[in-house]
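The analysis underlying the following values was restricted to heavy atoms, covering all of them including side chains, and did not include hydrogens, waters or symmetry mates.
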Amino acid sequence: MKYQVEHTNSFYYDNDVDQSMNTVRLKPRTDECQRLLSYRTEITPASLIKEHTDIWGNHVETFFIAHKHKELTVKTISTVSIQKSPFLHLLQYTDGMRNIFHSELFREHYLPYLNDTAYTFLFKEQVDEIVEEIGEADDPIQFSINLMGYLHRSIIYDGMATQVGTKAFESWPLKAGVCQDYAHIMLGALRAKGVPARYVSGYLYVGEDSALIGDGATHAWVEVMVPGIGWVGLDPTNNVEALEHHIRIGTGRDYADVSPLQGVYRGGNQRSDVKVSVTLLEQ
């Protein structure tokens, strides 16, 4: 599957902004299943971009605008090729996997993805409520699949129910939210049961006549570490394995590590607009 992604962030300020510092995390990754064929960033007003890789392996662009402006537009255009096959439902939890899962070395290596964060924290009684419905994590692979399905059935997709700063322990009682909320709740439950899991930011190709949800802007899902296999993506918003329709940008402990666009500026209030289009070029 070959896609072109256009992502435009537009900011409109009430009065002149005389300084603006911004960080962009919108460059898709290249890995064993996904290849970035082309990428460019267009900034208006024009600005020099500096690039680096953060501690989580994400590509980061930063730019500074020192002169006055009342509007800011950041547009990225990416071409990505993806080839993935489903397999998580076919995996058997072996004794070898069990030994690795319960080893101290495994826990130490993936500690950042086992610890709670402000976004992923769930109260013990909230975790117990979930586990009571789907069972204990004796088989982490099946537990992850069951958890994804349970959250998909339990949470209503509602863009008005939560905000970007809503935490997992706040959104779970609502049983409503967006992809970010589904992912944070799933991460909280997985980590509470000792399963290393990380937050994924990216895009979702929906296409025509599709039941998939989450193509309005960037999408979010979860990756679980399976010993001997690696990171496997699960999308609780749609109850599907993250395969050739999921375009990966970045990974981290939660949304804060992969926020697509962050910035500080000196000036008045602002309003913003986000437009994302994912076009299938080849199948």
Chemist: So, the side chain of Gln4 versus the backbone of Leu281: is there a donor-acceptor pair under 3.5 Å, distance only?
Modeler: no
Chemist: Can you run down the side-chain hydrogen bond (donor to acceptor under 3.5 Å, both in side chains) pairs that involve residues 259-273, sequence neighbours left out, and say none if there aren't any?
Modeler: Asp18-Arg266, Arg25-Gln262, Tyr255-Ser259
Chemist: Could you go through residues 99-114 and list every donor-acceptor pair under 3.5 Å that involves a side-chain atom there, pairing it with any protein atom two or more places apart or in another chain?
Modeler:
residue: Asn99; atom: ND2; partner: Asp95; partner atom: O; Å: 3.3
residue: Ser103; atom: OG; partner: Ile100; partner atom: O; Å: 2.8
residue: Ser103; atom: OG; partner: Phe106; partner atom: N; Å: 3.2

Chemist: For a quick test of reading the model, state the closest non-hydrogen atom pair linking His246 to Glu241 and the distance between them.
Modeler: CE1-O, 4.2 Å
Chemist: Considering residues, nucleotides and ligands other than Gln83, do more than 12 of their heavy atoms fall under 6.0 Å from its CD?
Modeler: no
Chemist: Answer yes or no: is there a side-chain heavy-atom contact under 4.5 Å between Asn22 and Val74?
Modeler: no
Chemist: Which residues pass the side-chain contact (heavy atoms from CB on, under 4.5 Å) test with Thr73, not counting sequence neighbours?
Modeler: Thr8, Ser10, Thr44
Chemist: If hydrophobic clusters are built from ILVMFWY residues whose side chains come within less than 4.5 Å, do Ile141 and Val224 share one?
Modeler: yes
Chemist: Contact between Met186 and Met148 at the side-chain level, heavy atoms closer than 4.5 Å - yes or no?
Modeler: yes
Chemist: Take atom CG in Leu90; do more than 12 heavy atoms of anything else shown fall under 6.0 Å from it?
Modeler: yes
Chemist: Any Lys/Arg nitrogen of Arg248 or Glu223 sitting under 4.0 Å from an Asp/Glu carboxylate oxygen of the other?
Modeler: yes
Chemist: Tell me yes or no: between the side chains of His7 and Asn9, is some donor less than 3.5 Å from an acceptor?
Modeler: yes
Chemist: Check the orientation of Tyr3 and His245. Use parallel for under 30°, tilted for 30 to 60°, and perpendicular for over 60°.
Modeler: perpendicular
Chemist: Could you work out, with side-chain contact (heavy atoms from CB on, under 4.5 Å) as the rule, every residue matching His67, not counting sequence neighbours?
Modeler: Pro45, Ile65
Chemist: Can Leu37 and Lys2 be said to form a side-chain contact (heavy atoms from CB on, under 4.5 Å), step by step?
Modeler: CA-CA 9 Å; Leu37 303 177; Lys2 185 177 178 182; 3.5 Å; yes
Chemist: Please determine whether residues Leu280 and Leu243 belong to a single hydrophobic cluster, defined as Ile, Leu, Val, Met, Phe, Trp and Tyr linked transitively by side-chain heavy-atom distances below 4.5 Å.
Modeler: no
Chemist: Under 4.5 Å between side-chain heavy atoms, chaining through other members, with only Ile, Leu, Val, Met, Phe, Trp and Tyr counted: pull out the rest of the cluster around Val264, sorted by chain and number.
Modeler: Met21, Phe64
Chemist: Please assess Leu261 against Phe11 for the test side-chain contact (heavy atoms from CB on, under 4.5 Å), listing each intermediate value before the final yes or no.
Modeler: CA-CA 11 Å; Leu261 184 58; Phe11 300 89; 3.3 Å; yes
Chemist: Arg29 and Thr251: which non-hydrogen atoms are nearest, and at how many Å?
Modeler: NH2-OG1, 3.1 Å
Chemist: With clusters built from Ile, Leu, Val, Met, Phe, Trp and Tyr whose side-chain heavy atoms come within less than 4.5 Å, directly or transitively, what are the remaining members of the cluster of Met160, listed by chain and number?
Modeler: none
Chemist: Backbone N or O of Leu36 within a donor-acceptor pair of the Thr30 side chain at under 3.5 Å?
Modeler: yes
Chemist: Are Val60 and Tyr199 connected into the same hydrophobic cluster when the rule is that any two of I, L, V, M, F, W, Y join if their side-chain heavy atoms are below 4.5 Å apart?
Modeler: no
Chemist: Apply side-chain contact (heavy atoms from CB on, under 4.5 Å) to Ala161 and list each qualifying residue two or more places apart in sequence or on a separate chain.
Modeler: Asp158, Ala176
Chemist: Can Leu26 be reached from Ile49 by stepping across I, L, V, M, F, W or Y side chains whose heavy atoms are under 4.5 Å apart?
Modeler: yes
Chemist: Does Lys175 NZ have over 12 foreign heavy atoms under 6.0 Å away?
Modeler: yes
Chemist: Under 3.5 Å, is there a donor-acceptor pair between the side chain of Thr120 and the main chain of Asp116?
Modeler: no
Chemist: If you look at every heavy atom in Leu122 and Ala189, which pair is closest and at what distance?
Modeler: CD1-N, 3.6 Å
Chemist: Report all side-chain donor-acceptor pairs from residues 123-131 shorter than 3.5 Å, counting only partners two or more places apart or in another chain.
Modeler:
residue: Lys124; atom: NZ; partner: Asp128; partner atom: OD2; Å: 2.8
residue: Gln126; atom: OE1; partner: Phe123; partner atom: N; Å: 2.9
residue: Gln126; atom: NE2; partner: Phe169; partner atom: O; Å: 3.1
residue: Glu129; atom: OE1; partner: Trp172; partner atom: NE1; Å: 3.2

Chemist: Applying side-chain hydrogen bond (donor to acceptor under 3.5 Å, both in side chains) as the test, list every pair that has at least one member in residues 145-156; sequence neighbours left out.
Modeler: Gln142-Asn146
Chemist: Atom NZ in Lys27, atom CD1 in Ile249: separation rounded to 0.5 Å?
Modeler: 12.5 Å
Chemist: Tell me whether Gln163 at atom CD has more than 12 heavy atoms from other residues, nucleotides or ligands lying less than 6.0 Å away.
Modeler: no
Chemist: Among all residues two or more places apart in sequence or in another chain, which pass the side-chain contact (heavy atoms from CB on, under 4.5 Å) test with Glu244?
Modeler: Met1, Ile82
Chemist: With His69, which residues qualify under ring-ring contact (aromatic ring centres under 6.0 Å, His included), at least two apart?
Modeler: Tyr13
Chemist: Should Tyr182 and Phe143 be regarded as members of a common hydrophobic cluster, given that ILVMFWY residues are connected when their side-chain heavy atoms come within less than 4.5 Å of each other, either directly or indirectly?
Modeler: yes
Chemist: Which other residues belong to the hydrophobic cluster containing Val200, where Ile, Leu, Val, Met, Phe, Trp and Tyr are joined when side-chain heavy atoms lie under 4.5 Å apart, directly or via other members?
Modeler: Trp221
Chemist: Please say which of Val24, Thr218, Val276, Val274 ends up in a side-chain contact (heavy atoms from CB on, under 4.5 Å) with Pro260.
Modeler: Thr218
Chemist: Checking side-chain contact (heavy atoms from CB on, under 4.5 Å) for the pair Val278/Ile247: CA distance, chi angles, key distance, verdict?
Modeler: CA-CA 10 Å; Val278 181; Ile247 303 165; 3.9 Å; yes
Chemist: Can you name the closest pair of heavy atoms from Gly252 and Val258 and give their distance?
Modeler: N-CG1, 3.8 Å
Chemist: Please name the pair of heavy atoms, one in Ile43 and one in Ser47, separated by the smallest distance, quoted to 0.1 Å.
Modeler: CG2-CB, 4.3 Å
Chemist: Run the side-chain contact (heavy atoms from CB on, under 4.5 Å) check on Leu88 and Leu234 step by step: do they pass?
Modeler: CA-CA 9 Å; Leu88 187 64; Leu234 295 172; 3.4 Å; yes
Chemist: Could you point out which residue of Thr237, Val222, Ile185, Asn239 forms a side-chain contact (heavy atoms from CB on, under 4.5 Å) with Leu151?
Modeler: Ile185
